[in-house]
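These notes concern the structure reproduced below.
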Amino acid sequence: MIDVLVAGGGPAGLATAINAALAGMEAVVVEPRSGPVDKACGEGLMPTGAAALRSMGVLMAGRPFRGIRYLDGSHRAQAAFHDGLGIGVRRTVLHAALAERAEALGVSVVPGHVDGVSQETGSVLASVSGRPLRARWLVAADGLHSPIRAMLGLEPPPSRLRRYGLRRHYRTAPWTDFVEVHWAPGGEAYVTPVGDDLVGVAVLSSRRRAYDDHLSEFPDLLARLDCPAATPVRGAGPLLQRVRSRVAGRVLLVGDAAGYMDALTGEGLSLAVLSSQALVRSLRAGRPEAYEQAWRRISLRHRLLTAALLAARRHQGSARLVVPAAQRMPALFGAAVRALA
């Protein structure tokens, strides 16, 4: 019998499979798509996430960055990480590196979808595109709008707070070794260096409109981007996804499927990697219920800071004060950046 069946072969699913294989467990990934999959993503890994990937033997090309910079008109605040560098990496490059490492560890990939789940004593029976597969544990890593999460009834009523993300790349040399977060009345724009001649620009907003319309709110950034777009626009949302629990019997949720607040603090990839390690540790210890507490501990600082920034964002008056306040209190801003790193 399979030890860990992972539904979803994105970064969170592959990281879970790699950690399971490193722990001596048989891992099988179910994924309908072949090859590296590109999705809307900020593409920045905080130092802890980058270090976790290295400890798993995942090697990839990317562009290091040494901190976070907030900008709003003439106001700016920046803080460097104290312990290591982050890395900006194209999602397709990260996906390929994870897939290569998983294959080297003997992880099998089965094409298809998990379209049914039945839990039994000591095992889970999953229907994979109509074919039964039995495993000791099923891990749902099937994304922001997780079908398995919905199957299990783990979703509370949807929130009225709806934010969306759009991302495109530009063919230009990065002008800084910081991730930049530009603030405007309608939303934020994130600039992540992902290569020697490539930057990713993601915009977040509660307004649904064209990418270029969003970008027009950031004239200083727009002046920097007098260069060709290198990729099409990709989008995701609504971003806020609440979850009742990350453990339901022998089914565990990881990555975006485990719940998502917002991309404001840019921690999604790092949290997915760190959570996958905690999940596998819980299974190895025979205490799957411990994963819920571990997930809450790992994500606590992220959830608190993101909630505070979202609360400020809801009111234009307070939103305009975020970057000036960070500029006036550099020690506090630095502490927040180091906590997230």
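The first residue of the sequence shown is numbered 1, and numbering continues consecutively from there.
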If you define the side chain from C-beta out and look only at heavy atoms, does anything of [X] sit under 4.5 Å from [Y]?
X: Val322; Y: Asp72; value: no
X: Val199; Y: Arg224; value: no
X: Tyr164; Y: Pro238; value: yes
X: Arg90; Y: Asp38; value: yes
X: Leu252; Y: Thr16; value: no
X: Leu215; Y: Leu225; value: yes
X: Leu204; Y: Leu239; value: yes
X: Leu5; Y: Val124; value: no

Quick check against the 3.5 Å criterion: does [X] have a side-chain atom that pairs as donor or acceptor with the backbone of [Y]?
X: Glu43; Y: Val194; value: no
X: Arg246; Y: Ala258; value: yes
X: Ser216; Y: Asp213; value: yes
X: His75; Y: Ala326; value: no
X: His145; Y: Gly237; value: yes
X: Ser205; Y: Gly186; value: yes
X: Thr306; Y: Arg303; value: no
X: His169; Y: Ala230; value: no
X: Arg101; Y: Met56; value: yes
X: Thr92; Y: Pro36; value: no

- [ ] Return the set of residues passing ring pair (Phe, Tyr, Trp, His ring centres under 6.0 Å) with Phe65 (not counting sequence neighbours), or none when no residue passes.
- [x] Phe81
Task: By ring pair (Phe, Tyr, Trp, His ring centres under 6.0 Å) - contacts of Tyr190 (at least two apart) - done: none
Using every non-hydrogen atom in the two residues, find where [X] and [Y] come nearest and quote the distance to one decimal.
X: Ile68; Y: Phe178; answer: N-CD2, 3.4 Å
X: Gly10; Y: Glu31; answer: N-OE1, 4.2 Å
X: Val29; Y: Ala17; answer: CG2-CB, 3.6 Å
X: Leu279; Y: Leu253; answer: CD1-O, 4.3 Å
X: Asp196; Y: Pro174; answer: O-CD, 3.4 Å
X: Gly86; Y: Pro47; answer: N-CG, 3.8 Å

Carboxylate-amine/guanidinium contact [X] [Y], below 4.0 Å:
X: Asp256; Y: Arg149; answer: no
X: Glu120; Y: Arg134; answer: yes
X: Arg76; Y: Glu180; answer: no
X: Asp3; Y: Arg136; answer: yes

Should [X] and [Y] be counted in the same cluster of Ile, Leu, Val, Met, Phe, Trp and Tyr side chains packed under 4.5 Å apart?
X: Val109; Y: Ile148; result: no
X: Met46; Y: Leu53; result: no
X: Ile87; Y: Val93; result: yes
X: Leu14; Y: Leu22; result: yes
X: Leu221; Y: Trp183; result: no

TODO: Show your working on side-chain contact (heavy atoms from CB on, under 4.5 Å) between Gln277 and Ser55 and close with a plain yes or no.
DONE: CA-CA 11 Å; Gln277 293 181 325; Ser55 75; 3.7 Å; yes
Task: Sole residue of Val30, Val251, Asp142 in side-chain contact (heavy atoms from CB on, under 4.5 Å) with Val114 - done: Val30
TODO: For the pair Trp295 and Val247, evaluate side-chain contact (heavy atoms from CB on, under 4.5 Å) and give the outcome as yes or no after the intermediate values.
DONE: CA-CA 10 Å; Trp295 182 91; Val247 182; over 6 Å; no
Got a sec: does the [atom1] of [X] have more than 12 other heavy atoms crowding it under 6.0 Å?
X: Glu292; atom1: CD; answer: yes
X: Arg208; atom1: CZ; answer: no
X: Arg207; atom1: CZ; answer: yes
X: Arg244; atom1: CZ; answer: yes

Open item on the list: The test is side-chain contact (heavy atoms from CB on, under 4.5 Å); show your working for Leu85 and Arg66 and say whether it passes.
Closed with: CA-CA 5 Å; Leu85 298 173; Arg66 62 187 183 95; 3.6 Å; yes
Would you compute the distance between atom [atom1] of [X] and atom [atom2] of [Y] and round it to the nearest 0.5 angstrom?
X: Ser276; Y: Arg281; atom1: OG; atom2: CZ; answer: 9.0 Å
X: Gln327; Y: Ser74; atom1: CD; atom2: OG; answer: 7.0 Å
X: Leu283; Y: Met25; atom1: CG; atom2: CE; answer: 5.0 Å

Task: side-chain contact (heavy atoms from CB on, under 4.5 Å) assessment of Lys39 paired with Arg234 - done: CA-CA 6 Å; Lys39 294 177 70 176; Arg234 294 186 179 275; 5.6 Å; no
- [ ] Mind telling me whether His182 and Phe218 have parallel, tilted or perpendicular rings, with 30° and 60° as the class edges?
- [x] perpendicular
